[in-house]
Amino acid sequence: MRNVLVWCAVLTCAISTPASATRFRPIHRQEPAVVWRIPTAPVFWMLSKVTAPFRAQPALPNSSHLSRDMGWTSLTFDVHEPSTAIFVEVQGQAQFDAADIVCSDGEIVSLPLRNSVRGQGMFALHDLGATKTVEQVRITARARSPQARVGLRLGL
């Protein structure tokens with residue numbers, strides 16, 4: 001009798017449970033997508049030399065021209081604008097000796113640049129800390145490349 005009761009309990013459980021719970025379901029995983037990556041940047045870079053005509057770099061606004069023949073030159077930038085930081089932008093390659101920043105309140109900040117050489121790009125010259133009206137910036141520099149341009153940018 002005891003075997004019959006156990007057998008009835010097993011049948012009752014099997015009938016009362018939904019079919020989805022008793023059926024084995026394999027885990028379906030998505031196949032990883034195959035992504036073909038073609039390095040197009042080198043191709044475009046090579047084609048750009050062939051298809052695009054050479055264009056000279058645009059002149060920097062508020063900039064001065066330097067050539068290697070000029071030697072050490074004092075560049076003066078009249079600014080007369082408020083600023084919190086001063087940046088120097090270089091096209092070509094230039095070597096910097098010193099810089100002076102003249103503010104409207106009479107403060108003169110002298111910066112020894114220690115013959116640092118800078119190439120293409122924008123570089124921080126000085127952080128003023130607070131907004132000050134900059135009257136003039138004087139930079140002593142020379143070109144290390146045959147031609148160079150040195151421009152001034154202000155940060156607010």
Side-chain angles (χ1 to χ4, degrees), residues 17-156:
T17 56
S20 62
T22 59
R23 208 179 309 156
F24 172 73
R25 289 186 171 180
I27 298 173
H28 292 287
R29 295 184 184 160
Q30 287 183 326
E31 294 293 322
V34 178
V35 178
W36 294 94
R37 295 190 179 172
I38 300 171
T40 57
V43 174
F44 290 128
W45 180 259
M46 290 185 326
L47 293 177
S48 68
K49 288 184 180 180
V50 176
T51 60
F54 175 77
R55 291 186 206 144
Q57 292 180 341
L60 295 171
N62 196 16
S63 66
S64 294
H65 175 266
L66 294 173
S67 68
R68 193 179 288 163
D69 302 335
M70 295 169 64
W72 288 104
T73 306
S74 180
L75 307 173
T76 303
F77 299 99
D78 291 322
V79 180
H80 307 290
E81 290 186 28
S83 176
T84 58
I86 299 174
F87 300 91
V88 174
E89 188 170 0
V90 178
Q91 288 180 348
Q93 192 174 31
Q95 184 175 7
F96 298 95
D97 182 45
D100 292 323
I101 302 168
V102 181
C103 297
S104 62
D105 60 358
E107 179 186 7
I108 298 176
V109 179
S110 295
L111 304 169
L113 301 177
R114 297 185 180 98
N115 293 327
S116 59
V117 177
R118 298 287 184 256
Q120 194 86 9
M122 189 178 316
F123 308 96
L125 182 63
H126 185 67
D127 184 11
L128 297 170
T131 303
K132 295 183 180 181
T133 302
V134 177
E135 295 296 322
Q136 193 177 62
V137 177
R138 294 185 296 261
I139 299 174
T140 305
R142 70 176 175 179
R144 293 296 296 234
S145 59
Q147 303 291 323
R149 285 195 86 70
V150 176
L152 198 66
R153 300 278 188 253
L154 301 178
L156 287 178

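Both backbone and side-chain heavy atoms feed into the values below; hydrogens, waters and symmetry mates do not. Start at 1 with the first residue, then count along the sequence.
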Using only atom types and a distance under 3.5 Å, with no angle test, would you say the side chain of [X] pairs donor to acceptor with the backbone of [Y]?
X	Y	answer
Arg138	Ala99	no
Thr84	Gly155	yes
Gln120	Gly92	yes

If I take atom [atom1] from residue [X] and atom [atom2] from residue [Y], how far apart are they, to the nearest 0.5 angstrom?
X	Y	atom1	atom2	value
His65	Gln91	NE2	CD	10.5 Å
Ser64	Ile139	OG	CD1	8.5 Å
Asp105	Glu135	CG	CD	9.5 Å
Arg68	Gln93	CZ	CD	8.5 Å
Ser63	Arg149	OG	CZ	3.5 Å

Heavy-atom closest contact ([X] atom, [Y] atom, distance):
X	Y	value
Ser67	Ala143	C-CB, 3.6 Å
Gly119	Phe123	O-CE1, 3.2 Å
Leu75	Ala141	CD1-CB, 4.4 Å

> What pairs with Glu81 under salt bridge (charged side-chain N to carboxylate O under 4.0 Å, His left out), at least two apart in sequence or on another chain?
Replying inline: none
>> Let's go through Leu154 and Ile86 carefully: what are the C-alpha distance in whole Å and the side-chain angles of both, what is the deciding distance for side chain to side chain contact (heavy atoms under 4.5 Å, CB included) to 0.1 Å, and is it a yes or a no?
In response: CA-CA 5 Å; Leu154 301 178; Ile86 299 174; 4.2 Å; yes
> After noting the C-alpha distance and the side-chain angles of Leu125 and Leu113, does the key distance pass the side chain to side chain contact (heavy atoms under 4.5 Å, CB included) rule?
Replying inline: CA-CA 9 Å; Leu125 182 63; Leu113 301 177; 4.0 Å; yes
>> For Val150 and Phe96: C-alpha separation, side-chain torsions, deciding distance, then whether side chain to side chain contact (heavy atoms under 4.5 Å, CB included) applies.
In response: CA-CA 10 Å; Val150 176; Phe96 298 95; 4.0 Å; yes
Would you say that [X] contacts [Y] through its side chain, given a criterion of any heavy-atom pair below 4.5 Å between the two side chains?
X	Y	result
Asp100	Thr140	no
Asn115	Asp97	yes
His126	Ile101	yes

